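Remarks on the structure that follows.
Just the heavy atoms: all of them, side chains too, but no hydrogens, waters or symmetry mates, feed the values below. Worth saying up front: this structure is predicted, and the values here are computed from it rather than measured.
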Amino acid sequence: MMVFTKAYSNCTGNALFAVKTRRSALKTYLGFIKNPICQKYSTNTGILPKNCKVAICGGGVMGASVAYHLAQLGWGPQTIVIEQDKLGGGNNSFSSDLVGVFKPTLNQVKLCQSSIKLYQELESRGFQTGWKQCGSLCIARTRDRMTVFKRMKSQSGPWGINCEIVDPQRAKELCPLIRTDDIKGALWIPDDGVADSYKICLSLFEAAKQKGVTVVEHCKLLEVVCDSGKVIAIDTTMGSVECDYYVNCGGFWARKIGQCSNPTVKVPLHPVEHYYLRTKPIPNLDFLTPVVRDLDGQIYFKELNGCILAGGFEPEAKPAFEDMKCPDNAAGRELPADWDHFHVLLEQLLHRVPSLANASLDSLVNIAETFSPDCKWIVGQAPEIKNYYVAAGMKTVGISAAGGVGEGTAQTIVNGFSKYDLYELDMSRFLGLHNNRKFLRDRVKEVPGRHYSLPYPNNEFKTGRNLRMSPIYPKLKEAGAVFEQVMGYERPSWFEPELAKAHLNGTANSKQFVIAKTNSFGKPDWFDIVESEYEACRESVSLLDYSSFTKLDIQSKGSEVVNSLQYLCSNDVDVPIGSIIHTGMQNVRGGYENDCSLIRLSENHYMMIAPTIQQTRCKIWIQRHLPPDNSVSLTDVTSMFTAICIMGPFTRHLLSDLTETDLSPKSFPFFTYKELDVGLANGIRALNLTHTGELGYVLYIPNEFALHVYNSLIQAGAKYNLKHAGGYAMKALRVEKFYAFWGQDLDTTTTPLECGRSWRVKFDKGTNFIGRDALLRQQEEGIKRIYVQLLLNDHDPDTELWCWGGEPIFRDRKYVGSTTTASYGFTFKKQVCLGFVQNLDSHGNALPLSNEYVLSGEYEVEIAGVRYPAKVNINSPNLPTKYPDKERESYFATRDKMVSEPLLREN
């Protein structure tokens, strides 16, 4: 009998991790089975099976959905679900049960659409879900909120959402309860509705059990047992079960459950108080009263059994269970009602629905709900343990996404991938710092309010700041830096001249920390500042902090590292020492799992540079595809180096003033690497590239030399009029140069052939790299979407709304795609958008397309309901400059003008 117990783990220390196979693990265990201490939980009650393929922990709606979809895929008899209490938390559980389809991104919308479809299908099969299609009415008090609604309306057609903008009078007709004299309008979404999460949970479990799923209540997880970094069993109060996969659907308890394994799986969630106000029955209340969301008032309400159920997301939430000693059951989540805290929402409810003042109160319920630090759901395979999955962090609206997330999780387990692109929700977007208890406690104060706050571009959190900072951070702050945060890293968005003057004059508060903000959907306040930084990058010299970029060290004693990277990468990485190769790491479907630059430091030693947001994700992807014999060493060295980019046509002169190394194009060509002395510092890894297509160098500096190198550059750069620049200028540069970035333009479904990088795929390099077969198939069949650049015409950037990404693209008045990234083009003197277009038939199916098809149409981009003509590009443009340079002109990031990186093999 295979029984792993909590007591066994405690008494054997690291014995489990010393064994190499399940057979030896069992043999080792049997040696301890007679120990009385180890028999505490070793009794198998006979309720649990001895083994299964998938073990799911959590009997809520998410666990039910994963189990249901596994059963649909034929894995029902090989799936068990354990729940420490009652399924669905019992029939006294409390939830808003709102099902709204509009979410910030199309991927999230698809998850919600799948959920609604699932509930409707269950109803048609006789299962109870409580589904009621009553529609939802979102109210706007301000012009900016109406702009948001207009942008949503523009997206609604391509996203398959039925909605319309209505005036205050029509809003009153749709919901007579509300006051409308102070609103600008509303967004009516007739297909939205409400459901009963408890009924859905029970129905999904019933359907799953009919297909063989085993569901056990009052069974508490004790440990997720791992061997060699992989799930092999679970230990519970009812015995142990061998399993191949484990899914943490613990909801409120997901973080605590993550601690029941070695290593701990970090699930960054923290509870806050969340309030539901319920009235007693209201006479003549319409059963089909729509869900009303007064977003500017931070409140919502709905009809429930003849009563009004109302709640909201206050601007500053109140953390609960700050000691992280969470209750063992759902009843323990109910906390005393704090009327003083709820007052801010109550005022808004009474303002919007004046008749509530005459209604009789039934109850004010305070239920602790958990939120993630970025206000997104948490799904995917845990970075720490293979075959350990998480589906949690649903932030009070679990039933909105449960159907889609459950289906996506099940598909990934069974097939290795899902029809949904879940990368933006994947838990590998976090670092360990995000699971820090104090960080979470502070961050969740502002997270719930994000639900209804205005989604201005580049929104920044105010809590959990000043965590990760480069050694030159104080100097950048003195230079007037205004900061954004990425993966906990503070990096400049732009540099405020007045702030720099204040620091220089000694009038600035040394503790002052300025966070970037763009409180506009049109021309931002920082426009002129970023324009001047952009000009310095292109026509003189600028200094940028690239320290947040992911940096990995990959090496081996023999050629194992080369062989491994050839398998992982679609480009040929077996290049001369000192070369830099830009490559994708594809998945089996040809999509990008990583987009990176590899520097060959020596025969069997590489340094990898990847996007900041990839720090956890790409390391885990590489780690899981390296040889199991540990012959290849992979080390995250992100925090060991400060990265300073100097950019502009005079950078060679500037750097030559500080080093004795020959920097001439013949000695140090574009897209190569050298180790330099800079000033008095040595061991500086210099890369002749900038990731923007502009001239310059990125210096990877050991941290102890960072301040010295920075000061040397500033002093030597004075005669070249060196200027600091931030991330917004860098974005403008790369968008104009038609550079795709992972996480913004590229994702796990995008292939190199679609985004114009086929010349970076080396099919003939002699290695069957990951994704090769899929890319060959796509090459033969033809691509069905293509990456383009669009320049807006007849658009006044001073008075009209801007593109910020996500805008629909039309070709000959027919929808063909959407933008991914947008910026103002300071050389083009107009808005520039990047995005993907398709050739869709009358049923919405994508057909193969060609460059000729793309270039022959007339294009428009729709911004909040207004369409602007646009010129389409499929090749990186040659931008005019005062200082033409062969190196700059020779490099094109997008489309097939090149066969390899420039000058790469000539040295």
* To do: Might you work through the ring pair (Phe, Tyr, Trp, His ring centres under 6.0 Å) test for Trp742 and Tyr423, ending with a clear yes or no?
  => CA-CA 11 Å; Trp742 199 95; Tyr423 81 91; 5.2 Å; yes
* Asked: Is a donor on one side and an acceptor on the other found under 3.5 Å between the side chain of Thr748 and the backbone of Gly591?
  -> no
* To do: Quick one: do Glu334 and Asn366 satisfy side chain to side chain donor-acceptor pair (under 3.5 Å)? Show the steps, please.
  => CA-CA 6 Å; Glu334 185 169 347; Asn366 178 7; over 6 Å; no
* To do: May I have the step-by-step check of ring pair (Phe, Tyr, Trp, His ring centres under 6.0 Å) for His434 and Phe439, ending in yes or no?
  => CA-CA 7 Å; His434 294 112; Phe439 169 84; 5.7 Å; yes
* Asked: Taking all atoms of both residues into account, what is the closest heavy-atom pair of Pro271 and Phe252, and its distance?
  -> CB-CE1, 3.5 Å
* To do: For Asn587 and Trp621, run side chain to side chain contact (heavy atoms under 4.5 Å, CB included): C-alpha distance rounded to whole Å, both residues' side-chain angles, the deciding distance at 0.1 Å, then the answer.
  => CA-CA 10 Å; Asn587 53 41; Trp621 177 260; 4.1 Å; yes
* Angle class for the Phe313/His274 ring planes (parallel below 30°, perpendicular above 60°, tilted otherwise)? -> tilted
* Determine, for Glu460 against Lys517, whether the closest basic-nitrogen to carboxylate-oxygen distance falls under 4.0 angstrom. => no
* Verify side chain to side chain donor-acceptor pair (under 3.5 Å) between Ser548 and Arg468, making sure each step is shown before the conclusion. => CA-CA 9 Å; Ser548 68; Arg468 301 178 72 197; over 6 Å; no
* Asked: Between Phe549 and His691, is the gap from one ring center to the other below 6.0 Å?
  -> yes
* Take Glu83 and Lys220, measure what salt bridge (Lys or Arg N to Asp or Glu O under 4.0 Å) needs, and give me the verdict at the end. => CA-CA 7 Å; Glu83 162 57 42; Lys220 187 174 181 179; over 6 Å; no
* Asked: Yes or no on salt bridge (Lys or Arg N to Asp or Glu O under 4.0 Å) for Glu490 and Arg465, after CA distance, side-chain angles and deciding distance?
  -> CA-CA 8 Å; Glu490 299 294 348; Arg465 302 301 295 256; 2.7 Å; yes
* Any donor-acceptor pair under 3.5 Å linking the side chain of Glu223 with the backbone of Asp235? -> no
* **Side-chain (Ser631) to main-chain (Pro627) donor-acceptor, under 3.5 angstrom** => no
* Hey, does the side chain of Lys386 reach the backbone of Lys230 with a donor-acceptor pair shorter than 3.5 angstrom? -> no
* To do: Considering non-hydrogen atoms only, spot the tightest contact between Leu73 and Val414 and give its length.
  => CD1-CG2, 3.9 Å
* Charged N to carboxylate O under 4.0 angstrom, Lys376 versus Asp426? -> no
* Gln614 and Asn594: side-chain donor and acceptor closer than 3.5 Å? -> yes
* Do Gln555 and Asp553 have side-chain atoms, one donor and one acceptor, less than 3.5 Å apart? -> yes
* Have a look at Thr463 and tell me which of Arg441, Lys445, Glu446 forms a side-chain hydrogen bond (donor to acceptor under 3.5 Å, both in side chains) with it. => Glu446
* **side chain to side chain donor-acceptor pair (under 3.5 Å) assessment of Tyr546 paired with Thr642** => CA-CA 8 Å; Tyr546 281 13; Thr642 299; over 6 Å; no
* Main-chain N/O of Ala254 paired to Asn248 side chain as donor or acceptor, under 3.5 Å -> yes
* Asked: Side chains of Leu440 and Pro373: does their closest heavy-atom pair fall under 4.5 Å?
  -> yes
* **Glu424 side chain to Asn107 side chain, donor-acceptor N/O pair below 3.5 angstrom** => yes
* Take Trp253 and Arg333 through the side chain to side chain contact (heavy atoms under 4.5 Å, CB included) test and state the conclusion after the steps. => CA-CA 11 Å; Trp253 295 271; Arg333 290 171 55 189; 3.8 Å; yes
* **Charged tip of Arg450 within 45° of Phe461 ring normal and under 6.0 Å** => yes
* Verdict with reasoning, Lys266 to Glu384, per salt bridge (Lys or Arg N to Asp or Glu O under 4.0 Å) -> CA-CA 8 Å; Lys266 302 176 185 67; Glu384 297 88 352; 3.8 Å; yes
* Would you check if the side chain of Ser65 reaches a backbone N or O of Ala402 as a donor-acceptor pair within less than 3.5 Å? => yes
* Apply the test salt bridge (Lys or Arg N to Asp or Glu O under 4.0 Å) to residues Arg437 and Glu322: give CA-CA distance (whole Å), side-chain angles for both, the deciding distance (0.1 Å), then the verdict. => CA-CA 8 Å; Arg437 191 179 81 184; Glu322 294 184 53; over 6 Å; no
* Quick one: do the Ser418 and Gln411 side chains pair a donor with an acceptor below 3.5 Å? -> yes
* Asked: Have Arg443 and Ser372 got a donor and an acceptor in their side chains that come within less than 3.5 Å?
  -> no
* To do: Look at the aromatic rings of Trp75 and Tyr245 and report parallel, tilted or perpendicular, splitting at 30° and 60°.
  => tilted
* Kindly say whether Val561 contributes a backbone atom to a donor-acceptor pair with the side chain of Ser556 at under 3.5 angstrom? => yes
* Asked: Between Tyr68 and Phe205, does the ring centre distance come in under 6.0 Å?
  -> no
* Asked: Can you check whether Tyr700 reaches Ile609 side chain to side chain, under 4.5 Å on heavy atoms?
  -> yes
